[in-house]
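As the structure is a computational prediction, the values presented were derived from the model and not from experiment. Order of appearance sets the numbers: ligands from 1, and atoms from 1 within every ligand.
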Amino acid sequence: MKVVLAGYNIDADIIEDLKKRAGWEPDNVTPETLSASYARISRDPSDIGEIRKAARVETEKARKSNETIIFGLGHASVAEHAVFNFDITGISRLAVEEIQKFRLASFTEKSQRYVKLDGDFITPSELDDGEYREMMQSLIGIQNETYFSLYETLSGHLFKKFPARITTKQGKTTVEGWAKEDARYVVSLATLTQFGMTVNARTLENMLRRFKASPLSEIRELGEYIYNTVHPLSPSIIKYTEPTSYDTGREQMIRETLSKYEKKLMSPEYDQIPVKLHSVTRDADTVLCAALIYNYSGSDYASSMESAQSLSTQQKKELIKASLCSRESYDKVERAFETVEFVFELIVSATNYAQLKRHRMSSQLVQDYDTALGYTIPPSIIETGQTTLFTEIMKRSEDFYYLVEKNYPSVKNYALTNAHRRRVLMKLNARELYHFISLRDDEHAQWDIRETAKEMKRLAEKEAPLTSMMLSGKSDFHECRKKVFEE
Ligand SMILES: Cc1cc2nc3c(=O)[nH]c(=O)nc-3n(C[C@H](O)[C@H](O)[C@H](O)COP(=O)(O)OP(=O)(O)OC[C@H]3O[C@@H](n4cnc5c(N)ncnc54)[C@H](O)[C@@H]3O)c2cc1C
């Protein structure tokens, strides 16, 4: 066996420094050479180290080879070997929602729970009417002032409520975090943030195409920045960034088709139930048992299913317990759990969605924000008698939203706040549900998403009790294990 460390991502400033120190001239400091050499592995019998060396020496040839293999032959996964890191700053939370929809990238963002906001926000360039811009700036000024006043009131209230906690520096920081996380419900989606993003060239190209077709100029501008940075460095792997007619024309076609149907189809229903479980794999517990039997017995799937169906409930329970018995809170449940699927429909605040969207192993269909769904008021705001103030800000935000909607519909959501709501259809398998509940029904989770997670857990337990027997937040893991295994 021979294992060679062929590459790793390092800070671009170090790369520039090294190039300067070495007086480096050749145009071969690019991740393209890695993609190109791995692309050649399938056809070239030479040692891979030799193939990489050739790609470094003859970079133009390597680029041609990338173009032929990735784009000519459609072997696009080769582009995944080239990875980029970006610092993205001065971007709105609304734009971040679009960017973080990409599941095959990694993100770490400034938290509005841990970092006190400084009032920075974007006024979208689409608002070319000076009066609208002034109105937006004045609205966000008021939202931000309210944020600071709510933060003071809430931290004072929480300091009094938890005197023992604030005796240590860490405890005080935690309590201040609770004040920040609730005060931020009043701030706009135009609020600026920053995040780090790591992404491979294949996903990046897809991102750039989608960014170019975005109705938000902020996203289009981001796409241009990224393209102008990455294309000169890696021209052969970031190539097709023009949106296709499929990217740009689909939505309108679907909307036109839907408009022909009965009005009832298009009229939204507002039952306001925050978490609904729409569907679960039929006979979920038996399906999981069949998957476990299949995995460990060597029987074909039809026979595994027959065996699972012949088990008593007690036997099924025993089998699933065997799979879970030595699990610790940090262990993933096994892949067989992926055979059970849940489809939830959620109504979530923007704050809640900001966290929900980070769960990349789920499929999420996200509707636009809808003021008819109302807004989420943090309990601490009610407890401290700040509801009228909070509601007043929501009303002002919505008044401006309706005004913008008439003339600049694409940017109306910048007027909304972290408290405004949308619907999300979330499909996830039992393996991802275990992970989601472990993080989000945990004592460290933010209360809003924790409420969502708790209800998802309750509904899953009702419909698939054996599959869900050890669903629990990390903080409740040992108690849950005791209950399941010592009963
Ligand atoms: C209490 C708390 C505080 C948080 N604070 C912050 C914060 O301040 N800033 C911030 O940006 N985020 C924060 N997050 C979000 C967190 O970093 C994760 O993005 C989020 O919880 C999703 O978790 P995940 O990536 O494990 O899961 P998913 O995306 O749901 O993925 C499920 C699992 O698949 C695997 N997986 C998925 N993608 C990859 C990949 N690319 N490479 C390797 N394995 C992968 C992993 O095993 C992962 O656990 C916080 C989360 C919690 C619970």
Exercise for review: Would you indicate whether D87, at its atom CG, is surrounded by more than 12 heavy atoms from other residues, nucleotides or ligands within a distance under 6.0 Å?
Suggested key: no
Check your understanding: Would you say the side chain of E205 lies within less than 4.5 Å of the side chain of T241, judging by non-hydrogen atoms?
Key -> yes
Review point. Taking the six-membered ring for Trp, is the centroid-to-centroid distance between H81 and Y38 below 6.0 Å?
Key: yes
At less than 3.5 Å, what protein N or O atoms come close to the N or O atoms of ligand 1? Include the distances to 0.1 Å.
from	atom 1	to	atom 2	distance (Å)
ligand 1	9 (N)	E109	O	2.9
ligand 1	11 (O)	E109	N	2.6
ligand 1	11 (O)	R358	NH1	2.8
ligand 1	11 (O)	R358	NH2	3.2
ligand 1	12 (N)	R358	NH1	3.4
ligand 1	19 (O)	R358	NH2	3.2
ligand 1	21 (O)	R440	NH2	3.2
ligand 1	25 (O)	R360	NH2	2.8
ligand 1	26 (O)	H435	NE2	2.8
ligand 1	27 (O)	H435	NE2	3.2
ligand 1	29 (O)	R358	O	3.1
ligand 1	29 (O)	R360	N	2.8
ligand 1	29 (O)	R360	NE	2.9
ligand 1	30 (O)	H359	ND1	3.3
ligand 1	30 (O)	R360	N	3.4
ligand 1	30 (O)	E432	OE2	2.5
ligand 1	38 (N)	R360	NH2	3.2
ligand 1	47 (O)	K332	NZ	3.4
ligand 1	49 (O)	K332	NZ	3.3
ligand 1	49 (O)	H435	NE2	3.0

Study note, to complete from the structure: Test ring pair (Phe, Tyr, Trp, His ring centres under 6.0 Å), reference Y185, set W447, F390, Y375, output is W447
Review point. Among all residues two or more places apart in sequence or in another chain, which pass the salt bridge (charged side-chain N to carboxylate O under 4.0 Å, His left out) test with R63?
Key: D27, E32, E60
Check your understanding: Are H359 and L439 side-chain neighbours, meaning at least one heavy-atom pair lies under 4.5 Å?
Key -> yes
